[in-house]
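Report on the following structure.
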Protein chains: 2
Amino acid sequence: MLFMASSKLIDSSCSIARSLGVLGERWTLLILREALTGATRFAEFRAALGIAPDVLADRLSTLVEYGVMTREPYQEPGARVREAYRLTEAGRELQLALWSLQQWGDKHLPWPDGPTMLRRRCTDGAAVHVGYIDEQGHEVRAGDTQAVRTAAYPSAD
Amino acid sequence: MLFMASSKLIDSSCSIARSLGVLGERWTLLILREALTGATRFAEFRAALGIAPDVLADRLSTLVEYGVMTREPYQEPGARVREAYRLTEAGRELQLALWSLQQWGDKHLPWPDGPTMLRRRCTDGAAVHVGYIDEQGHEVRAGDTQAVRTAAYPSAD
DNA sequence: TGAGCTAAGTTGGCAAAACCAACTCAGAAC
DNA sequence: GTTCTGAGTTGGTTTTGCCAACTTAGCTCA
């Protein structure tokens, strides 16, 4: 086996580090962006991203290994069996993280012609953004948020 | 110059790709996690992450270059001048993206002892999560969201 | 005055990962 | 039975990351 499922990050007590252990390698989040817009086939990812085939094979197998995507053979009538890579529910939930990055890029690394994608509500097309929400489902301002350590936080390092 | 400010991703028309061009290299998001919890000095990042000093220097200079952090000398009384790396407002806004990843990791890559960090409102300590919000400041369910292309979306590839 | 200490790096050699082109393999079409 | 296409694998080169050692500057203390 040439590829090692990514680093020791996945054994970290920090959820951000564990997420990055699965998602943080080069190309992975772009592969997921394509998957969220409907790509399912090896050649589709390859054409859309220009990624080397060995790297793509490695990333897809990592995503399958950690339950972000599934690899399933399928057959169109009159064609031979092919492999389809589909997002699991866990994978679909990564839309939130990708939209966070998209929203940040729209604001802080703007493109001359403006954004190429907008985030909308299906039902009425109203603008949707990513933000902080309290238990009543109401938005919380960024400055009113804080992260706090739990008892599970490692005391001695 | 040994280091090239990261790839051609920053010239992409996709905001996710541009964000990853600045933030997507190995270690970068973990450096930002430390910065959001108060780290400012080279040696602090190094000790917290165990990152090689040349890689850390490269990542910090990329973050400064793109306006995510500032590098400013400061002097404690009776000590020589040192460098402090501080988040800009753009950098502080990345808390949203990091919390998205943390929330995903909490759910899909759980740690045996439970999460080590919780997301809270400062004023009353109530739980806060990251999610989709409409123009009235109310939460939108994930399944009710969609991304749509604008006129700026590149037609011919 | 100069020897030691610390922070913030830089430099050089080695190992791992990414990139690229060429090749494989299987089934369908011709 | 030759060609085509999708989904990869293989081999060689380049880039990136990792590690240890070194550098530089200003402070402290003898």
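Here is the naming used below: chain letters follow the sequence lines, and residue numbers restart at 1 for every chain.
- In terms of modelled atom types and a separation under 3.5 Å, the side chain of Arg18(B) and the main chain of Ser12(B) share a donor-acceptor contact.
- Between the side chains of Arg33(A) and Gln102(A), no donor N or O sits under 3.5 Å from an acceptor N or O.
- Connection of Val68(B) to Leu29(B) is established within a shared hydrophobic cluster, with ILVMFWY side chains joined at heavy-atom distances below 4.5 Å, either directly or through further cluster members.
- When the local axes at the two ends of the helix from dT1(C)-dA30(D) to dC30(C)-dG1(D) are compared, using 5 base pairs at each end, they differ in direction by 10° after rounding to 10°.
- When distances run from any side-chain atom of Tyr85(A) to the nucleotides dG8(D), dC19(C), dG9(C), the shortest one goes to dG8(D).
- Not counting sequence neighbours, His129(A) has no partner by the ring-ring contact (aromatic ring centres under 6.0 Å, His included) test.
- Side chain to side chain, Ser100(A) and Ser100(B) meet the donor-acceptor criterion of an N or O pair below 3.5 Å.
- The residue among Arg26(A) and Tyr74(A) whose nearest nucleotide of DNA chain D is located toward the 5' end is Tyr74(A).
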Can you name the atoms? Protein N/O to nucleotides 19-22 of chain D N/O, anything below 3.5 Å, with the distance.
| unit_1 | atom_1 | unit_2 | atom_2 | d |
| --- | --- | --- | --- | --- |
| dC19(D) | N4 | Asp54(B) | OD2 | 3.1 |

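- OP1 or OP2 of dG17(D) has at least one side-chain nitrogen or oxygen of Arg59(B) nearer than 4.0 Å.
- In the hydrophobic clustering of ILVMFWY residues, with side-chain heavy atoms under 4.5 Å counting as a link, Trp104(A) and Leu101(B) come out together.
- Every residue meeting the ring-ring contact (aromatic ring centres under 6.0 Å, His included) condition with Tyr132(B), not counting sequence neighbours, appears here in chain and number order: Trp99(A).
- The main-chain N or O of Ala84(A) is never found under 3.5 Å from a side-chain atom of Thr40(A) such that the two would form a donor-acceptor pair.
- Between the side chain of Arg86(B) and the backbone N or O of Met69(B) there is no donor-acceptor pair closer than 3.5 Å.
- Scanning residues 30-40 of chain A for heavy-atom distances under 4.0 Å to DNA chain C yields an empty list.
- Not a single donor-acceptor pair under 3.5 Å links the side chain of Glu34(B) to the backbone N or O of Ala48(B).
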Distances under 3.5 Å between protein N/O atoms and the N/O atoms of nucleotides 3-6 of chain D, please, pair by pair.
| unit_1 | atom_1 | unit_2 | atom_2 | d |
| --- | --- | --- | --- | --- |
| dT5(D) | O2 | Arg80(A) | NH2 | 3.4 |
| dG6(D) | O4' | Arg80(A) | NH2 | 3.4 |
| dG6(D) | N3 | Arg80(A) | NH2 | 2.7 |

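- The closest side-chain donor-acceptor pair between Arg59(A) and Thr62(A), if any, does not fall under 3.5 angstrom.
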